[in-house]
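Because the structure is predicted, anything quoted here is derived from the model rather than measured. Throughout, numbering of the chain's residues begins at 1 and tracks the sequence.
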Amino acid sequence: MAVNETVKYGIIGVGMMGREHLINLQHLRTQGVVVVCIADPHLPSQQLALELAQSFDWPVKVFSGHQELLDSGLCDVVVVSSPNMTHYQILMDILNHPKPHHVLVEKPLCTTVADCRKVVNAARKRPDMLVQVGLEYRYMPPVAKLIEIVKGGTLGQVKMVAIREHRFPFLVKVNNWNRFNSNTGGTLVEKCCHFFDLMRLFAGANPVCMMASGAMDVNHKDEIYDGKVPDIIDNAYVIVEFDNGARGMLDLCMFAEGSKNEQEISVVGHTGKGEAFVPESIVRFGSRMEGRDGVQTLKTENRLIKYEGLHHGSSYLEHLNFLSAIRVKGAKTAAVDLNDGLISVAMGVAAQLSIEKGRFVNIEEVLVEHNC
């Protein structure tokens with residue numbers, strides 16, 4: 001695809017995140033981006049997205065289903081931002097479609113390891129398509145800076161990664177789909193695949209086993225949908241052991257609105273420590289040798305960001321990165337590939353299983369059990 005050629009996007013699923021993608025893409029229109037079509041069976045979501053597109057002077061074609069959008073041949077790139085449990089079938093339909101479409105799929109890749117594996121296998125047969133997984137937390141300026149510091153060797157060999165997310169409860173979604181494990185894969189898949197992905201990145205290793213403790217203690221207990229009470233957990237501790245000896249820990253609480261930062265990330269190597277704070281957008285790092293007095297504090301920003309949006313500019317940078325990859329001639333490689341998506345889901349599934357069984361869960365147990 002030529003650098004100056006217009007890239008035509010379609011968005012499948014135009015709820016809150018789909019419309020967020022629409023706004024991000026509008027801020028990339030100077031890069032030759034245009035959204036030409038959307039698909040969603042939910043009429044109110046359709047209408048809101050259509051009004052948004054019209055405000056950008058984008059005359060989009062509206063479809064009720066993703067298959068009609070694909071068959072229309074209108075777009076070159078598809079953003080999949082539909083509910084988690086729909087990802088598998090939509091991705092398989094895209095990958096099996098005669099017309100090649102590059103794909104940016106929201107996290108999690110799928111809700112089960114088995115479905116992730118089927119998507120990975122199907123994608124291998126489509127070298128003409130680039131598929132990237134939307135684990136955009138990598139692009140948040142303070143997180144990206146900490147990744148740079150770690151990869152540069154400033155902290156030495158990484159031994160421990162601790163991520164704390166203390167935040168508000170899950171938002172209300174269309175038909176309350178995100179209130180149930182069967183739809184989301186469970187909180188540790190739906191929400192925390194982001195953090196498991198970052199742990200792998202910081203540790204530079206793959207997970208071996210996981211131990212988790214968690215429950216639904218505060219949120220959603222008084223809610224009933226079609227006679228069913230939600231079953232998604234709202235807090236957990238998760239310990240991860242990696243194949244290079246590093247360890248990770250996740251501290252999740254979703255009834256912690258009284259937090260200064262939503263995410264606090266700590267990476268400790270054998271010679272130093274680094275921390276990132278979101279949304280303060282601050283990074284701190286120091287060495288064992290210089291101690292407390294030598295700790296440096298940086299205020300991070302990325303001047304490429306034209307739209308902060310819901311994720312502190314990371315979605316904008318994700319789209320910028322994805323667009324660049326699409327336009328590369330020859331072999332295309334996604335910055336966040338399907339294997340990254342698969343392993344982040346497998347880690348979430350293993351953690352959920354650990355809570356259910358009350359024991360350590362080996363990652364291989366999850367992969368083998370799901371025919372991987």
Q: Applying side chain to side chain contact (heavy atoms under 4.5 Å, CB included) between Ile12 and each of Asp93, Val105, Ile94, report the one that passes.
A: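 Single pass found, and it is Ile94.
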Let me have the donor-acceptor pairs involving side chains of residues 316-325, under 3.5 Å, with sequence neighbours excluded, atom names and distances please.
from	atom 1	to	atom 2	distance (Å)
His319	NE2	His21	ND1	2.8
Asn321	OD1	Tyr139	OH	3.4
Ser324	OG	Leu320	O	3.1

Within 6.0 angstrom of [X] [atom1], more than 12 heavy atoms from elsewhere:
X: Lys151; atom1: NZ; value: yes
X: Arg288; atom1: CZ; value: no
X: Arg167; atom1: CZ; value: yes

Testing the 3.5 Å rule here: is there a donor-acceptor pair between the side chains of [X] and [Y]?
X: Asn121; Y: Arg124; answer: yes
X: Thr300; Y: Ser281; answer: yes
X: His220; Y: Asp231; answer: no

Nearest heavy atoms of [X] and [Y], plus distance in Å:
X: Cys110; Y: Val119; value: SG-CG2, 3.9 Å
X: Ile233; Y: Ile355; value: CD1-CD1, 3.8 Å
X: Asn181; Y: Thr187; value: OD1-N, 4.2 Å
X: Pro83; Y: Thr86; value: O-OG1, 2.6 Å
X: Ile11; Y: Gly18; value: CD1-O, 3.8 Å
X: Phe202; Y: Val158; value: O-CG2, 3.4 Å

Residues 128-137, side-chain donor-acceptor partners within the protein, below 3.5 Å, at least two apart:
from	atom 1	to	atom 2	distance (Å)
Asp128	OD1	Arg126	NE	3.1
Asp128	OD2	Arg126	NH2	3.1
Gln132	OE1	Ala335	N	3.4
Tyr137	OH	Lys191	NZ	3.0

Q. Below 4.0 angstrom, N of the basic side chain to O of the carboxylate: do Glu5 and Arg327 qualify?
A.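 Salt bridge flag = no for Arg327 with Glu5.
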Q: Could you tell me whether Asp71 and Lys99 have a side-chain N and a carboxylate O separated by less than 4.0 Å?
A: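 Result for this pair is no, no salt bridge flagged.
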Q: Please answer whether the main-chain N or O of Tyr9 pairs with a side-chain N or O of Asp76 as donor and acceptor at a distance below 3.5 Å.
A: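 No; judged by distance alone, with no hydrogens or angles, the pair does not exist.
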Q) Under 3.5 Å, is there a donor-acceptor pair between the side chain of Ser354 and the main chain of Ala212? A)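 Yes, Ser354 side chain to Ala212 backbone: donor-acceptor pair under 3.5 Å.
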Show me the side-chain donor-acceptor pairs of residues 248-264 shorter than 3.5 Å, one per line, residues at least two apart or across chains.
from	atom 1	to	atom 2	distance (Å)
Asp251	OD1	His166	NE2	3.0
Asp251	OD2	Arg164	NE	3.1
Asp251	OD2	His166	NE2	3.4
Ser259	OG	Ala256	O	2.8
Asn261	OD1	Glu280	N	3.1
Asn261	ND2	Glu280	OE1	2.6
Gln263	NE2	Glu165	OE2	2.6

Could you pull out all donor-acceptor pairs under 3.5 Å where a side-chain atom in residues 44-52 meets a protein atom, sequence neighbours excluded?
from	atom 1	to	atom 2	distance (Å)
Gln46	NE2	Asp40	O	2.7
Gln47	NE2	Glu51	OE2	3.2

Q: Could you grab the distance from atom OG of Ser82 to atom CH2 of Trp177, nearest 0.5 Å is fine?
A: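 One gets 8.5 Å once the value is rounded to the nearest 0.5 Å.
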Q. Say you draw a straight line from SG of Cys37 to NZ of Lys8; how long is it, rounded to the nearest 0.5 Å?
A.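 The distance works out to 10.0 Å.
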Which atom pairs, one a donor and one an acceptor, fall under 3.5 Å between side chains of residues 306-314 and the rest of the protein, sequence neighbours left out?
from	atom 1	to	atom 2	distance (Å)
Lys306	NZ	Thr30	OG1	3.3
Tyr307	OH	Glu20	OE1	3.1
Ser314	OG	His311	O	2.7

Q: Kindly indicate, with the supporting measurements, whether the criterion salt bridge (charged side-chain N to carboxylate O under 4.0 Å, His left out) is fulfilled by Asp340 and Arg138.
A: CA-CA 12 Å; Asp340 294 322; Arg138 295 179 178 212; 3.6 Å; yes
Q. Checking side chain to side chain donor-acceptor pair (under 3.5 Å) against Glu190, which of Asn183, Asn178, Asn84 comes through?
A.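 Only match with Glu190 under side chain to side chain donor-acceptor pair (under 3.5 Å): Asn84.
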Kindly indicate whether the side chain of [X], heavy atoms from C-beta on, has any atom under 4.5 Å from the side chain of [Y].
X: Leu91; Y: Val103; result: yes
X: Leu22; Y: Trp58; result: yes
X: Ile363; Y: Cys209; result: no

Could you give the side-chain donor-acceptor pairs of residues 236-244 under 3.5 Å, partners two or more places apart or in another chain?
from	atom 1	to	atom 2	distance (Å)
Asp243	OD1	Asn206	N	3.3
Asn244	OD1	Ala246	N	3.1
Asn244	ND2	Ala203	O	2.9

